[in-house]
2 protein chains.
Amino acid sequence: MTAKLVSELAEKIQQKIAAGEFPPGHRLRQELLAKEFDVSRTPIREALRQLETKGLVSQSHRKSAVVSAPSLRDVKETYQVRAELEGLAAELAATWITDAQLALMRETHARFAEAIETLARHSAKAQRDKAARLTKQMSAAAEAWTRTNAAFHRIIHDACDNRRLSATIHDLNQGQIRSIMLATILGMDAHRLRLTLTHHERILGRLSARDVKGAREAVVTHIQESGEFVVRWLERNYPGPDRQMQASKPDADGSIRPWWTAADD
Amino acid sequence: MTAKLVSELAEKIQQKIAAGEFPPGHRLRQELLAKEFDVSRTPIREALRQLETKGLVSQSHRKSAVVSAPSLRDVKETYQVRAELEGLAAELAATWITDAQLALMRETHARFAEAIETLARHSAKAQRDKAARLTKQMSAAAEAWTRTNAAFHRIIHDACDNRRLSATIHDLNQGQIRSIMLATILGMDAHRLRLTLTHHERILGRLSARDVKGAREAVVTHIQESGEFVVRWLERNYPGPDRQMQASKPDADGSIRPWWTAADD
DNA sequence: AGGACAATTCTTGGATACAAGAATTGAAAA
DNA sequence: TTTTCAATTCTTGTATCCAAGAATTGTCCT
């Protein structure tokens with residue numbers, strides 16, 4: 001379908017943005033990227049153009065591309081649109097979802113619950129001990145959280161039988177806010193983490209019952225409340241789109257410390 | 001914000017696609033485009049990459065970019081998403097719209113009504129006289145229809161106070177289906193044309209009354225019924241995504257005859 | 001020390017070069 | 001006449017080149 005090299009490059013750059021290695025505000029120099037991926041600047045430029053069109057970076061004439069930082073308003077707006085679209089997807093999925101997909105959702109949900117319990121334990125410990133750092137296990141659990149959460153929602157998008165809808169939702173999520181979500185869950189206490197779990201259980205229940213309106217309502221509420229939590233977290237911790245954030249260099253132990261690990265001060 | 005030349009080129013190519021000069025299935029050769037716009041292939045390639053990301057063309061490795069033809073399924077899916085999003089926009093707009101915007105809507109609506117009356121007259125004549133060709137006046141009226149229709153909806157998007165939402169809707173509309181809409185209205189009889197008018201009047205009424213749910217319902221119904229009409233028309237007339245359509249060369253009189261003017265046989 | 005400004009170095013944007021692989025053409029065979 | 005297949009011609013993908021304009025540096029002045 002699409003040209004191979006360029007979209008691979010775009011993919012890799014996008015991942016580094018999502019991972020926090022290229023934080024919002026970071027300048028993306030074509031020559032450096034070209035050297036890093038061992039190609040010439042030509043395909044890099046096209047990859048950057050692709051990311052620009054997707055809204056992940058912004059380019060001004062004769063200036064380096066810059067990783068764009070969503071404003072608080074962007075985040076709020078995006079959640080509002082997401083709630084609507086994921087609600088529609090759930091409504092449709094309630095009709096079209098197969099038993100196999102429902103089984104897969106339950107399985108995914110179980111793994112999600114595990115990740116949440118791990119996170120909740122660590123979060124409780126972090127509250128007792130203020131000096132607690134971001135441990136390897138905690139990052140791994142956070143990563144598992146995002147992965148299983150995405151998988152859970154993904155099944156709904158797949159089941160809605162409307163590719164355009166799922167593509168639109170996907171674009172919205174992959175946009176600028178993915179790394180923010182990852183940042184946010186580290187700020188959830190045990191209670192808030194488990195609330196997400198009950199949301200998902202309710203969604204699962206409505207879908208299993210093929211309750212069209214109920215599934216929609218459950219998903220809309222879930223997304224809206226998640227959005228509200230994210231916004232509250234950001235209002236407390238987010239540097240905002242104007243502040244230039246440090247590029248994260250690999251640590252002594254080789255791990256990357258993304259910008260958001262420093263936000264909780 | 002964005003680099004100048006490349007997005008200008010993308011814009012021009014997009015317009016030619018919407019105007020039917022580059023019909024679905026048409027190969028876009030970089031060298032030809034470069035010559036046509038008097039630049040080198042480099043910026044052309046980036047413009048094509050941009051259009052690819054927006055979904056207007058598709059590129060395979062070492063093959064010319066091709067203007068993508070939406071399948072019937074694509075069109076149906078897009079209308080379903082549009083109905084949902086424009087419904088949300090209307091719901092929000094009912095709260096935020098200003099009196100000035102409402103006045104502007106009424107004005108736009110008046111011009112829309114004029115275009116429809118012109119079209120309805122020509123459509124009635126065309127039914128009496130099967131040999132009637134697509135006249136200049138009729139094209140102009142069709143063009144006025146799309147313009148004022150877009151303006152009408154645009155005011156709602158602007159008034160919804162959610163830029164992300166209006167951008168998402170805009171992307172959806174500008175995508176592949178813009179030229180199809182233009183094609184479709186030529187297939188509307190006088191009754192169907194006037195039905196659109198009453199839809200718009202109802203929307204205007206609900207917005208003026210600041211009726212949140214009513215505005216939503218009016219817009220959703222409007223988009224859904226429009227979508228159903230478009231789909232029915234396409235089922236009768238659309239060549240489909242697989243058939244290669246002729247590139248439209250300027251006629252003897254210099255006018256372009258887009259692919260859809262030949263569809264009504 | 002700190003700020004203004006000129007010289008220098010980077011970095012980008014567009015053009016061009018060239019190799020690899022499609023598309024096309026034309027001749028020969030069925 | 002139609003089909004097949006090799007030779008030829010186009011077209012794309014990546015690298016490289018160069019000029020124009022940012023960003024940076026260093027110096028001089030206050």
Side-chain angles (χ1 to χ4, degrees), chain A residues 1-13 16-17 21-54 56-68 242-247 249, chain B residues 1-14 16-17 21-54 56-69 242-247 249:
Chain A
M1 184 68 164
T2 175
K4 205 164 45 58
L5 179 57
V6 169
S7 22
E8 266 174 30
L9 290 170
E11 186 67 31
K12 284 179 190 164
I13 297 171
K16 280 174 186 276
I17 291 174
E21 188 173 347
F22 297 149
H26 186 248
R27 284 178 63 192
L28 296 172
R29 290 187 196 71
Q30 298 171 0
E31 195 70 59
L32 290 185
L33 293 172
K35 193 159 289 181
E36 176 164 1
F37 297 116
D38 199 41
V39 293
S40 83
R41 278 172 49 219
T42 311
I44 292 288
R45 289 179 54 175
E46 289 181 35
L48 288 175
R49 186 70 61 188
Q50 200 168 306
L51 295 179
E52 185 197 20
T53 310
K54 286 215 247 169
L56 266 86
V57 310
S58 70
Q59 308 201 64
S60 312
H61 193 58
R62 276 177 206 291
K63 287 183 194 165
S64 300
V66 167
V67 178
S68 52
D242 296 325
R243 189 162 118 196
Q244 166 94 4
M245 272 158 274
Q246 288 290 320
K249 290 292 173 189
Chain B
M1 184 66 163
T2 173
K4 205 163 46 58
L5 179 57
V6 169
S7 23
E8 266 174 30
L9 289 170
E11 186 67 29
K12 285 179 189 165
I13 296 171
Q14 181 169 348
K16 280 173 185 278
I17 291 173
E21 187 173 348
F22 298 149
H26 186 250
R27 283 177 64 191
L28 296 172
R29 290 186 198 72
Q30 298 171 2
E31 195 70 59
L32 289 184
L33 293 171
K35 195 159 287 182
E36 176 165 0
F37 298 115
D38 199 41
V39 293
S40 82
R41 278 171 49 218
T42 311
I44 292 287
R45 289 177 57 87
E46 288 180 38
L48 288 175
R49 187 70 62 189
Q50 202 168 306
L51 295 180
E52 184 197 20
T53 309
K54 286 214 249 171
L56 267 87
V57 310
S58 70
Q59 308 201 65
S60 313
H61 193 58
R62 277 179 205 289
K63 286 183 193 165
S64 299
V66 167
V67 178
S68 51
D242 295 326
R243 188 162 119 198
Q244 167 95 1
M245 273 158 271
Q246 289 290 320
K249 291 291 172 191

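Here the structure is a predicted model, which is why all the values come from computation and not from measurement. Basis for what follows: all heavy atoms, side chains included, without hydrogens, waters or symmetry-related copies. So that the names make sense, note that chain A is the first sequence line, chain B the second, and so on, each numbered from 1.
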J.: Just how far, in rounded Å, is P of C:dG13 from CD1 of B:I44?
T.: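 My rounded result for the distance is 16 Å.
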J.: Answer yes or no: is there a side-chain heavy-atom contact under 4.5 Å between A:K12 and A:E36?
T.: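 A side-chain contact is absent here, since even the closest heavy-atom pair is not under 4.5 Å.
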J.: Return the value, rounded to whole Å, for the distance between atom CZ of A:F37 and atom P of D:dG13.
T.: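 Rounded to the whole Å, the gap is 20 Å.
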J.: Quickly work out the B:R29 CZ to D:dT12 C1' distance and round it to whole Å.
T.: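 Value for this atom pair: 12 Å.
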J.: Tell me, do B:V57 and B:I17 make a side-chain contact under 4.5 Å, heavy atoms counted?
T.: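 Answer yes - side chains close enough.
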J.: Heavy atoms only: give me the nearest B:P24-B:S68 pair and the separation to one decimal.
T.: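 Reported closest heavy-atom pair: CB-O, 4.2 Å.
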J.: Would you mind classifying the nucleic acid contact of B:L9 as base, sugar-phosphate or nothing, using non-hydrogen atoms under 4.0 angstrom?
T.: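 No contact.
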J.: Identify the heavy atoms of B:S64 and B:R27 that sit nearest to each other, and give their distance.
T.: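 Closest heavy-atom pair between B:S64 and B:R27: OG-NH2, 3.0 Å.
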J.: Detail all sub-3.5 Å separations between protein N/O atoms and N/O atoms belonging to nucleotides 14-23 of chain D.
T.:
{"unit_1": "D:dA15", "atom_1": "OP1", "unit_2": "A:S40", "atom_2": "N", "d": "3.4"}
{"unit_1": "D:dA15", "atom_1": "OP2", "unit_2": "A:S40", "atom_2": "N", "d": "2.3"}
{"unit_1": "D:dA15", "atom_1": "OP2", "unit_2": "A:S40", "atom_2": "OG", "d": "2.5"}
{"unit_1": "D:dA15", "atom_1": "N7", "unit_2": "A:T42", "atom_2": "OG1", "d": "2.8"}
{"unit_1": "D:dA20", "atom_1": "N3", "unit_2": "A:R62", "atom_2": "NH1", "d": "3.4"}

J.: Test B:F22 against B:L56 for side chain to side chain contact (heavy atoms under 4.5 Å, CB included), laying out the working first.
T.: CA-CA 11 Å; B:F22 298 149; B:L56 267 87; over 6 Å; no
J.: Would you call A:R49 and A:E46 a salt bridge, using N to O less than 4.0 angstrom?
T.: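 No.
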J.: Name the nucleic acid region contacted by A:L28, choosing base, sugar-phosphate or nothing; use a 4.0 angstrom heavy-atom cut-off, strictly under.
T.: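 It contacts sugar-phosphate atoms only.
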J.: On the nucleotide C:dG13, are OP1 or OP2 found under 4.0 Å from the side-chain N or O atoms that A:Q30 carries?
T.: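 For C:dG13, OP1/OP2 do have a side-chain N/O of A:Q30 under 4.0 Å.
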J.: What's the CD-P distance between A:E31 and C:dT9, to the nearest Å?
T.: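 Rounded to the whole Å, the gap is 17 Å.
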J.: Tell me: CG of B:L33 to C1' of D:dT11, nearest whole Å?
T.: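 Result: 12 Å.
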